[in-house]
Amino acid sequence: GPRSTWSLAVLFLGLLGWVWYVELPLPSPTAQLPVFLDTPVERIGRVELATAGGAINATRIASEWLDPRGNPWPDGSVVDLLATLATLRPLRTIAPEPADIGRYGVGQRRLRVLRHDGSVALDLELGNLNPAQTALYARTTGQPEIVLVGAVLQWDLAKLEKAASRVLKP
């Protein structure tokens with residue numbers, strides 16, 4: 001009768017709750033991969049983006065980002081990129097040792113971030129967007145594994161490239 005149905009429903013909900021809280025634990029915060037840029041942004045002195053179309057360089061002089069001609073970068077694109085890199089973590093490792101990196105497009109662009117002393121803070125080889133267009137394939141230069149990075153990086157890189165096309169016109 002109705003009493004048996006309610007008893008089964010309560011039992012079902014109890015088992016569902018047990019599975020949810022005991023069998024499916026949330027990943028611990030310590031399991032997160034580190035952020036890409038662990039150097040304080042104030043210690044960054046140069047950003048380089050190499051693409052098939054050429055190189056984009058921004059150098060910090062005092063608190064201002066300048067192009068190779070010494071002109072200020074417009075619209076905060078360099079600052080925004082660094083802010084993203086300082087909080088961005090790999091979403092997951094796609095291929096620990098890929099046999100064919102061509103399918104990921106890794107190496108089409110290279111992003112280097114240098115400290116004021118010239119040492120490398122970050123060196124990434126960037127590839128295609130994933131099929132869902134929600135993330136970007138990347139790998140740290142010299143490392144074999146390919147990781148998936150949030151598409152916000154692609155957006156900030158496009159913003160930098162757009163600013164460069166305005167700033168670096170011949």
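Note on Val113 and Trp73: same hydrophobic cluster, where clusters join Ile, Leu, Val, Met, Phe, Trp and Tyr whose side-chain heavy atoms are under 4.5 Å apart, directly or indirectly. Taken together through direct or relayed side-chain contacts under 4.5 Å among Ile, Leu, Val, Met, Phe, Trp and Tyr, Val149 and Leu82 form part of one hydrophobic cluster.
No donor-acceptor contact under 3.5 angstrom links the side chains of Thr39 and Arg43, judged on distance only. With 3.5 Å as the limit, one finds no donor-acceptor pair spanning the side chains of Arg109 and Thr51. Under 3.5 Å, the side chains of Thr84 and Asp80 contain no donor-acceptor pair of N or O atoms.
Heavy-atom minimum distance, Leu129 versus Ala151: CD2-CB, 4.4 Å. Contact between Val41 and Ala86 at its shortest, heavy atoms only, is CG2-CB, 4.2 Å. A pairwise comparison of heavy atoms in Thr93 and Pro96 identifies CG2-N, 4.0 Å as the closest pair. Looking at every heavy atom in both residues, Gly150 comes nearest to Leu91 through N-CD1, 3.7 Å. The two atoms that bring Asn57 and Glu48 nearest to each other are OD1-CG, 3.3 Å, heavy atoms only. The heavy-atom pair separating Leu160 from Ser77 by the smallest distance is CD1-OG, 3.7 Å.
Applying the ring pair (Phe, Tyr, Trp, His ring centres under 6.0 Å) rule to Tyr104 yields the partners Tyr137; only residues at least two apart in sequence or on another chain are considered.
At distances below 3.5 Å, not a single donor-acceptor pair connects side-chain atoms of Asn130 with backbone N or O atoms of Leu136.
Taking the side chain as every heavy atom from C-beta outward, Leu124 and Thr141 never approach each other to under 4.5 Å. Arg139 has its side chain out of reach of Val147: every pair of non-hydrogen atoms, C-beta onward, lies at least 4.5 Å apart. Residues Arg60 and His116 have side chains in contact (heavy-atom distance under 4.5 Å, counting atoms from C-beta outward). Counting only heavy atoms from C-beta outward, the side chains of Asp38 and Leu122 never approach each other to under 4.5 Å.
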Next item on the list: Apply the test side chain to side chain contact (heavy atoms under 4.5 Å, CB included) to residues Leu153 and Leu88: give CA-CA distance (whole Å), side-chain angles for both, the deciding distance (0.1 Å), then the verdict.
Entry: CA-CA 8 Å; Leu153 179 57; Leu88 192 65; 3.8 Å; yes

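A salt bridge does not link Glu161 to Lys159: none of the charged nitrogens lies less than 4.0 Å from a carboxylate oxygen. With respect to Glu125 and Arg110, no salt bridge is recorded, no charged nitrogen being found less than 4.0 Å from a carboxylate O.
Taken from CD1 in Ile61 to CZ in Arg46, the straight-line distance is 9.5 Å, to the nearest 0.5 Å. One finds the CG atom of Leu157 at 8.5 Å from the CD1 atom of Ile56 (value rounded to the nearest 0.5 Å).
Heavy atoms of other residues, nucleotides or ligands lying less than 6.0 angstrom from CD of Glu97 number 12 at most.
Test Leu81, Asn71, Val47 against Trp65 for side-chain contact (heavy atoms from CB on, under 4.5 Å) and you get one pass: Val47.
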